[in-house]
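Presented below is the structure to which this report refers.
Just so you know, these numbers come straight off a predicted model, no measurement behind them. Basis for what follows: all heavy atoms, side chains included, without hydrogens, waters or symmetry-related copies.
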Amino acid sequence: MNEKTMRKHRWQSGIFLLILIVLTYLSSAITTFNFMEGMATIPEAMGWIFSNLLVSQESFEKLPKILEKLAETIFMSIAATTIAAVVSLFLGVLGSNTTKVNNFLSVFARFIASVSRNIPVVAWSLILLISFGQNSVTGFLALFAGTVGFLTRAFIESIDEASQSSVEALTATGATYFQIVGKAVIPQCLPQMISWVLFMVETNIRNATLVGILTGTGIGYTFDMYYKMLNYNVVALITLCIVITVIIVDLISNYVRKVIL
Amino acid sequence: MSLLTVEGLGKSYTADKQILKNINFEIKAGEFVSIIGPSGAGKSTMLRCINRMVEFNEGNILFNQQDVGSLNKKGLRKLRTNIGMVFQHYNLVPRLTVIENVLHGRFGYKTTFQGLLGRYTEEEKERAFYLLEKLGIHEHAYKRCDQLSGGQQQRVGICRALIQEPKLVLCDEPIASLDPNSSKIIMDHLKSISTEMGITCLVNLHQVEVAQHYSDRIIGLNNGEIVFNGTAYELTQEKINHIYGTKTKDLIIA
Ligand SMILES: Nc1ncnc2c1ncn2[C@@H]1O[C@H](COP(=O)(O)OP(=O)(O)OP(=O)(O)O)[C@@H](O)[C@H]1O
Ligand SMILES: [Mg+2]
């Protein structure tokens with residue numbers, strides 16, 4: 001990079017910063033959000049958190065129940081993610097430019113992925129709540145619907161990136177479509193795909209809490225219940241459990257990733 | 001007797017541009033033929049028309065007395081098992097082992113199911129090791145392909161083509177990504193395929209000297225048309241300039 005382009009870069013970032021400041025100012029003016037007032041409440045809020053969100057002795061009595069709900073939530077997230085992964089594998093193979101069967105199915109797969117991905121998981125919960133009511137199927141379906149889109153998109157990209165050349169070579173040897181997909185494309189992309197699935201398991205365990213609050217299932221429901229009962233000690237314990245779980249899942253999936261990649 | 005006959009071949013990807021125009025040539029069994037020409041002349045396109053990796057618009061291609069253009073899906077698969085292909089970027093499955101990649105060349109002879117289950121006969125496995133040994137990479141048989149050098153990967157690519165027991169091998173710039181040393185090894189192997197095994201080779205090349213050194217015959221392609229078809233001996237400097245559409249002097253000035 002020479003001096004001229006560097007100066008240009010500095011110029012660009014300067015203008016970018018200016019635009020950012022103007023936008024911030026404008027949006028706070030429009031929404032009458034006072035930045036200074038907002039900042040001023042922080043110490044008070046912190047104080048409240050530290051004095052109320054404490055894990056007390058008696059809240060530990062609820063621990064078995066919390067862990068049970070937590071396990072239920074984790075298993076639901078894993079089930080939703082893995083089933084979504086299987087569906088996404090088919091959609092990904094159909095949607096990828098290198099392995100598509102025909103244009104219609106490719107567009108169809110991409111369309112499903114795009115719909116699923118562009119509706120946030122919270123919206124999915126609320127939509128499904130109307131038709132399925134408050135039960136664990138709703139939570140499961142909400143996570144499933146949100147995951148299919150993301151994974152399909154990720155799988156399409158992995159396939160396109162990794163296997164175009166070997167698909168060409170195997171087509172030229174006279175291999176059939178399923179031989180090519182099964183013995184060249186999937187072996188090549190599998191580690192990458194597993195990595196995406198693990199990422200989605202992590203994300204979904206986190207999302208499951210929120211989805212649970214909305215659909216009345218799992219740990220999210222427990223959280224919501226104690227929160228409404230103003231029993232903040234138990235709320236703190238639940239939060240702690242979720243944080244520890246997320247960290248453990250994170251460590252496990254990082255380890256698995258290291259082994260397979 | 002000619003193994004491959006191309007008559008009046010024409011190809012265009014888009015309506016406004018004709019990539020190949022009225023291509024005519026014949027290749028005899030066991031011949032080693034190079035195709036040279038400037039970038040974008042249509043060398044890769046022409047090679048891919050022969051095994052219909054690219055669908056052509058006009059003319060006829062006869063391979064082994066068979067009309068390539070009129071084959072159905074099953075016939076096309078059968079045709080492709082008889083034609084090996086070697087690529088500039090090797091086109092292996094990098095995460096799989098060398099031996100797995102070589103055995104991929106047998107898929108054309110198997111049902112989908114046999115292929116998916118990886119059922120290979122003893123003879124096929126022996127043949128794979130024999131070929132690896134012949135190309136001097138048998139000690140890498142169980143390594144992953146992404147651990148091999150470019151020259152070694154290209155030899156795996158050649159083994160994959162040879163295990164098809166092809167009558168013809170199409171090579172699209174097999175040495176364009178290799179250093180001079182590895183290039184020589186690869187070209188020597190390709191040459192010995194045609195002399196020892198009697199397999200016909202059709203090779204796209206960028207280096208005129210390499211083409212002159214190895215080929216029985218050279219085809220010069222410029223702007224989608226054959227402008228030269230003769231022996232290395234007949235390829236004079238004047239003819240080379242004609243194929244590449246420039247004089248060497250112009251190249252230096254430009
Ligand atoms: N899939 C495609 N769709 C549209 N045009 C294409 C396609 N493939 C090749 N072409 C065009 O066809 C022409 C010939 O391409 P081709 O790859 O056959 O040339 P080449 O002689 O192999 O060149 P190079 O030496 O650079 O490999 C080029 O103008 C290219 O832009
Ligand atoms: Mg080319």
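Proximity to chain A (any heavy atom under 4.5 Å) is restricted, for B/R160, to the side chain, taken from C-beta onward. For chain A, no part of B/H89 is nearby; none of its heavy atoms comes within less than 4.5 Å. If you measure heavy-atom distances from B/L76 to chain A, you find no contacts under 4.5 Å at all. When heavy atoms are compared at a cutoff of 4.5 Å, B/K78 does not approach chain A at all.
Counting heavy-atom pairs closer than 4.5 Å to chain B, the top residue among A/V185, A/V181, A/T176 is A/T176. Note: B/M53 leads B/M53, B/Q114, B/M85, B/R48 in heavy-atom pairs under 4.5 Å with chain A.
Listed here is the closest heavy atom pair of A/A172 and B/N51: CB-ND2, 4.0 Å. B/L116 and A/F178 get closest at one heavy-atom pair: CD2-O, 3.3 Å. Scanning all heavy atoms of the two residues, the minimum distance from A/T173 to B/Q164 falls at CG2-OE1, 3.5 Å. Residue A/L170 comes nearest to B/H104 through the heavy atom pair CD2-CB, 3.6 Å, listed as atom of the first residue, atom of the second, then distance.
With hydrogens and angles disregarded, a donor-acceptor distance shorter than 3.5 Å links the side chain of B/R77 to the backbone of A/G174. A/Q188 contributes no side-chain N or O that, together with a main-chain N or O of B/L96, makes up a donor-acceptor pair within less than 3.5 Å.
Counting non-hydrogen atoms of other residues, nucleotides and ligands closer than 6.0 Å to OH of A/Y177 gives a total above 12. Heavy-atom contacts from other residues, nucleotides or ligands closer than 6.0 Å to CD of B/Q147 number more than 12. More than 12 heavy-atom neighbours from other residues, nucleotides or ligands sit within 6.0 angstrom of OH on B/Y109. For B/R119, the CZ atom counts as loosely surrounded, since its 6.0 Å shell holds 12 or fewer non-hydrogen atoms of other residues, nucleotides or ligands. More than 12 heavy atoms of other residues, nucleotides or ligands lie within 6.0 Å of CD in B/E165, so this atom counts as buried by the packing criterion.
A distance of 6.0 Å separates NZ of A/K183 from CZ of B/F107, quoted to the nearest 0.5 Å. Rounded to the nearest 0.5 angstrom, A/T171 OG1 and B/R80 CZ are separated by 6.5 Å.
Here the side chains of A/P191 and B/R95 are in contact, with some heavy-atom distance below 4.5 Å.
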